[in-house]
There are 2 protein chains.
Amino acid sequence: MIGIKDIAKMAGVSVSTVSNVINGRKNVGKETRERVLQICEEVGYQPNLMGKSLKSGKTNTIVFNFSDFERSFYLKIIKGINDYLSENGFDLIVCTTSSSKNFMRNNFSRGAIVLDKKMDNDFLNSVADEQFPIVVMDRIVDNENIKSVIVENYTVMCELVQSLINKGFREFGYIGGIESSLDHQERFQAFSDTLKNNNIPFQRANYYFGDFTEESGYRAANIITLSNNLPEVLVCANDNMAIGAIKAFKESNYSVPGDISVTGFDDAGAAETYGLTTVAIPRYESGYLAAKELVEMIRGTASKDIFKISAKMKWRNTVK
Amino acid sequence: MIGIKDIAKMAGVSVSTVSNVINGRKNVGKETRERVLQICEEVGYQPNLMGKSLKSGKTNTIVFNFSDFERSFYLKIIKGINDYLSENGFDLIVCTTSSSKNFMRNNFSRGAIVLDKKMDNDFLNSVADEQFPIVVMDRIVDNENIKSVIVENYTVMCELVQSLINKGFREFGYIGGIESSLDHQERFQAFSDTLKNNNIPFQRANYYFGDFTEESGYRAANIITLSNNLPEVLVCANDNMAIGAIKAFKESNYSVPGDISVTGFDDAGAAETYGLTTVAIPRYESGYLAAKELVEMIRGTASKDIFKISAKMKWRNTVK
DNA sequence: TTGTATGCGTTATCAA
DNA sequence: TTGATAACGCATACAA
């Protein structure tokens, strides 16, 4: 691997001069500067981050941590994060749980964005620090160096359910997501609060367990069809499960929305294809904003508030 | 930040002794070892990864490099890579182009898997090394430390086109992908070779440029409809473009496959939804195998051959 | 069994 | 305008 020392030798100057050129100091003669830059270009010199941050004690690396490979919108979040960070001169590394623990320390990286349920609060509390701020998504942690960026699920789910009630629906079914997920909790809370506010009863029997996968929605819907007691509308905690449910209904020769209406949450790629009525969450923007919040924490200019991403109803045609 | 030196001072020993304790060498007295470990524990000492790998030049980290956020199957590839690596005790970091160049060096990582057209061959040749092997996907680089894992596009595309010919199709259209992509090149080569072998003419006018995005397929199909000269079947270099084309045809009130048949390549998530006839590529397995090849190169047990992932025809209903 | 000295790639200080 | 050198945190060869 070629280093500053090699460049110095080739250019016939000292290492300090090369360092000065590379870091844009002005105390270098024009000719020397050009010669050095020329050589760097030719040999494709890349500064070694190790040496650099060993010296400075600072890095520009941000860790993004996730572990669920089933939800394709994660790529959009990553893209948002990546875009903001590269616009601001930070490097991004994406890791899954175990590796993240190695890299989330302030002599290696400058901060982290965490979207992984397996990364527990205790661990986060132990590494978060004024020198190592963290942004968590879909979770709230009580620590002044950990900031939350969450989706504003509650109001939009209220809006969705209220609209369904206004359309005349009275018998609701619900498929929930992973219980530890804040998204799940808020969505279901909004769902049941809205029914309660309208004096519409919701039997626990009409709650079906899911885990945000299409498979789990499919299974839940099969159980529903077997019960011989279809609700008028099935509200699902996300799109994957809604789509799984729709597939199951179609296989059992029920028409959506003829026999049963279905709603989702996310506006995932496939939602449009299925004409699914759902809630659109701006994923790219979430990532971008999470990165922005983190960088502001690093710079000491962040506000303390939880950052809420707002979502919007998307009416399509799986609701009568 | 507390370092080995501080521990040494507190324990009243030298830094090398502390280093020896931490790295489990046996040349340390029992008492000393216990005292040092005790102190490390108390103060929460964490070794500085920078200093460590700057010195030792060895790590267990593998870099995976990609940059296209539009193709959701990338998540499957990442999952495959992640699974193999974690089963084998390696850490994975995923990076986009610019950051990758920082991390792809043999004192930080142990090897890399590259799936990014923006990472040029010159750069790869300059970093690849016996001590830093690289696996490239969808590309062939002539370097004994760079191994290719590619999809066996040719034979399956021949099979697809031959089947279409056997069904009686004679007028073909084609939407190509990014020209620099090996996938694109092989698929088109197979397409035109098969037509030639069957003495079926293919006019260059029926070739449409695309870049693997749905958008580009949509545009190409709109151009086709305006030409008033629909081919009998439109072969697309991937699913995204095929789906874009199908949308365009439907908007122009052409029926698929009534007025025109369409085929894709990838078996992306949405392909099933659209009932698209396509070619299924095992993405998870590709990632898993790419990681396996890399680890074997690291261990010095890899074969020199290009690794080919085989793909399979998937007949659905966008072909008459 | 423990300590001293050196070097990894870089930046910063200071002298030339 | 340039160069020599120390220092960052750690591992290691070698001396004690």
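In what follows, chains are A, B, ... by sequence order, proteins preceding strands, each numbered from 1.
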**Qualifying salt bridge (Lys or Arg N to Asp or Glu O under 4.0 Å) pairs, either residue in residues 48-58 of chain A, two or more places apart** = none
**Asked** Counting only N and O atoms by type, is there a donor-acceptor contact under 3.5 Å from the side chain of Ser148(B) to the main-chain atoms of Arg139(B)?
**Response** yes
**Prompt:** Among residues 41-49 of chain A, which residues get a heavy atom nearer than 4.0 Å to DNA chain D?
**Reply:** none
**Prompt:** Can you list, by residue number, the residues of residues 20-37 of chain A that have a non-hydrogen atom closer than 4.0 angstrom to DNA chain D?
**Reply:** Asn27(A), Val28(A), Gly29(A), Thr32(A)
**Request:** Can you run down the salt bridge (Lys or Arg N to Asp or Glu O under 4.0 Å) pairs that involve residues 108-118 of chain B, sequence neighbours left out, and say none if there aren't any?
**Result:** Lys117(B)-Asp138(B)
**Message:** Counting only heavy atoms and a strict 4.0 angstrom limit, can you tell me which residues of residues 51-60 of chain A come near DNA chain D?
**Reply:** Leu54(A), Lys55(A)
**Item:** Counterpart residues, salt bridge (Lys or Arg N to Asp or Glu O under 4.0 Å), relative to Glu87(B) (two or more places apart)
**Value:** none
**Message:** I'd like to check the side chain to side chain contact (heavy atoms under 4.5 Å, CB included) partners of Tyr284(A); sequence neighbours left out, ordered by chain and number.
**Reply:** Lys79(A), Asp83(A), Tyr288(A)
**Request:** For dC10(D), take OP1 and OP2 only and decide whether either is under 4.0 Å from a side-chain N or O of Ser19(B).
**Result:** no
**Asked** Have Asn82(B) and Thr96(A) got a donor and an acceptor in their side chains that come within less than 3.5 Å?
**Response** yes
**Message:** Checking Asp91(B) now: which residues fulfil salt bridge (Lys or Arg N to Asp or Glu O under 4.0 Å) with it, not counting sequence neighbours?
**Reply:** none
**Item:** Those residues that, when tested against Asp6(A), pass side chain to side chain contact (heavy atoms under 4.5 Å, CB included) (two or more places apart)
**Value:** Ile2(A), Met10(A)
**Asked** Within the side chain of Asp129(B), is there an N or O that forms a donor-acceptor pair under 3.5 Å with the backbone of Gln131(B)?
**Response** yes
**Item:** Pair listing, side chain to side chain donor-acceptor pair (under 3.5 Å) test, anchored in residues 27-40 of chain B, at least two apart
**Value:** Gln38(B)-Glu42(B)
**Request:** Report the end-to-end axis angle of the helix from dT1(C)-dA16(D) to dA16(C)-dT1(D); each axis comes from five terminal pairs, and the value is rounded to 10°.
**Result:** 50°
**Asked** Where does the chain A footprint on DNA chain C start and end, counting 5' to 3' with a 4.0 Å heavy-atom cut-off?
**Response** dC8(C) to dA12(C)
**Prompt:** Hey, does the Lys NZ or Arg CZ of Lys76(B) hover above the aromatic six-ring of Phe69(A), less than 6.0 Å from the centre and inside 45° of the axis?
**Reply:** no
**Prompt:** Above 12 or not: heavy atoms from other molecules or residues under 6.0 Å from CD of Glu41(B)?
**Reply:** no
